[in-house]
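Taking it in order: structure first as structure tokens, then the write-up.
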Amino acid sequence: MKDRIIQIMQKEGLSNAEFAEKIGISTSSLSHIFNGRNKPSLDVVMRIHKACPYVNIEWLLYGEGEMEGGETSNTPTAQLTQDHENPEKSTGSPILFDFRKENAPETPVYTPKETVREEIRYIEKPHPKITEIRIFFDNGTYQVFKPEKM
């Protein structure tokens with residue numbers, strides 16, 4: 001496709017910078033296409049077609065047919081281009097996407113799992129009882145206290 005873009009530039013008699021400005025892209029983007037780093041995006045192709053409407057878009061995209069002519073405004077591609085660029089003036093039928101809930105698939109994609117109930121039981125343990133208390137003093141001695149009732 002880059003060779004066909006070069007042919008269009010030669011026919012127009014424009015330099016890389018002039019052609020990039022005419023179609024509304026940066027010079028570096030056009031350079032990346034010519035160097036093979038990037039392939040032309042659909043946006044670039046549409047910009048070329050908009051700037052040079054005489055170019056056959058089939059030829060530009062696929063290399064089929066002749067460079068000039070071959071496309072009139074009645075072809076589906078031209079109608080799509082016109083509808084895309086001027087949606088308020090579109091004469092063709094609009095493309096409708098149906099995402100309504102009524103048309104959802106019969107089997108749901110996500111099926112919720114059954115809820116599992118866990119029962120928590122508290123086991124009461126008797127409170128711990130003090131069996132002895134030891135107090136240590138700074139002189140190295142200690143004293144033991146034991147409760148009288150156990």
Side-chain angles (χ1 to χ4, degrees), residues 1-138 140 142:
M1 186 183 298
K2 67 181 178 182
D3 296 330
R4 293 188 290 276
I5 295 172
I6 292 171
Q7 288 179 17
I8 295 169
M9 283 177 43
Q10 290 171 345
K11 177 169 178 44
E12 293 281 321
L14 301 173
S15 68
N16 289 4
E18 292 168 336
F19 186 71
E21 184 178 335
K22 179 176 181 172
I23 64 173
I25 64 171
S26 66
T27 309
S28 62
S29 295
L30 189 62
S31 175
H32 290 312
I33 291 170
F34 290 154
N35 293 334
R37 178 177 175 198
N38 296 343
K39 292 185 178 184
S41 66
L42 179 60
D43 182 52
V44 171
V45 172
M46 295 307 291
R47 286 173 181 266
I48 292 171
H49 184 65
K50 187 175 182 180
C52 308
Y54 63 87
V55 174
N56 179 357
I57 201 157
E58 299 271 330
W59 173 82
L60 180 58
L61 287 171
Y62 310 112
E64 298 173 357
E66 297 295 320
M67 177 176 166
E68 295 184 43
E71 184 171 348
T72 64
S73 61
N74 294 332
T75 61
T77 308
Q79 186 64 40
L80 175 64
T81 304
Q82 290 173 357
D83 291 347
H84 174 69
E85 292 169 358
N86 300 317
E88 66 276 352
K89 296 181 181 178
S90 67
T91 57
S93 60
I95 299 171
L96 300 175
F97 296 102
D98 199 0
F99 294 110
R100 294 179 295 188
K101 270 188 168 179
E102 301 91 57
N103 295 334
E106 294 297 322
T107 57
V109 176
Y110 168 75
T111 54
K113 294 184 178 180
E114 189 174 318
T115 305
V116 178
R117 295 193 69 150
E118 292 184 20
E119 185 176 319
I120 300 174
R121 292 181 15 190
Y122 294 100
I123 301 173
E124 289 192 34
K125 295 181 178 178
H127 291 292
K129 295 180 183 174
I130 299 173
T131 57
E132 73 179 32
I133 299 175
R134 293 185 185 197
I135 300 176
F136 295 91
F137 298 101
D138 62 352
Y142 66 94

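Each residue takes its place number in the sequence, starting with 1. Values reported hereafter were calculated over all heavy atoms of this structure, with side chains retained and with hydrogens, waters and symmetry mates removed.
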TODO: Find the distance between CD (Glu21) and CD (Glu18) and round it off to the nearest 0.5 Å.
DONE: 8.0 Å
Open item on the list: For the CD1 atom of Ile5 and the CD1 atom of Ile48, what is their distance to the nearest 0.5 Å?
Closed with: 4.0 Å
Open item on the list: To the closest 0.5 Å, what do you measure between NZ (Lys39) and NZ (Lys2)?
Closed with: 10.5 Å
Task: Nearest heavy atoms of Ile25 and Arg47, plus distance in Å - done: CG2-CD, 3.7 Å
Task: Side-chain heavy atoms of Arg4 within contact of Ile8, under 4.5 Å - done: no
Open item on the list: Counting C-beta onward and ignoring hydrogens, is there a side-chain heavy-atom pair between Met1 and Val44 closer than 4.5 Å?
Closed with: no
TODO: Could you check Leu60, Leu30, Leu61, Ile33 and say which one makes a side chain to side chain contact (heavy atoms under 4.5 Å, CB included) with Pro40?
DONE: Ile33
- [ ] To the nearest 0.5 angstrom, please state how far the CD atom of Glu114 sits from the CZ atom of Arg117.
- [x] 12.0 Å
Open item on the list: Can you confirm whether more than 12 heavy atoms, excluding those of Phe136, are under 6.0 Å from its CZ atom?
Closed with: yes
Task: Salt bridge Arg134-Glu132, side-chain N to carboxylate O under 4.0 Å - done: yes
Task: Side-chain donor/acceptor of Asn35 to backbone N/O of Arg37, under 3.5 Å - done: no
- [ ] To the nearest 0.5 angstrom, please state how far the CG atom of Asn38 sits from the OG atom of Ser31.
- [x] 9.5 Å
Open item on the list: Which residues pass the side chain to side chain contact (heavy atoms under 4.5 Å, CB included) test with Lys11, not counting sequence neighbours?
Closed with: Tyr54, Met67, Glu68
Open item on the list: Nearest 0.5 angstrom please: Leu42 CG to His49 NE2, how far?
Closed with: 11.5 Å
TODO: Please check if atom CZ in Phe34 has more than 12 non-hydrogen atoms from other residues, nucleotides or ligands closer than 6.0 Å.
DONE: yes
- [ ] Check ring pair (Phe, Tyr, Trp, His ring centres under 6.0 Å) between Phe137 and all other residues, then give those that pass, not counting sequence neighbours.
- [x] none
Task: Test side chain to side chain contact (heavy atoms under 4.5 Å, CB included) applied to Met46 and Ile57, step by step - done: CA-CA 9 Å; Met46 295 307 291; Ile57 201 157; 4.2 Å; yes
- [ ] Mind listing the closest non-hydrogen atom pair of Cys52 and Phe19 along with its distance?
- [x] SG-CE1, 4.5 Å
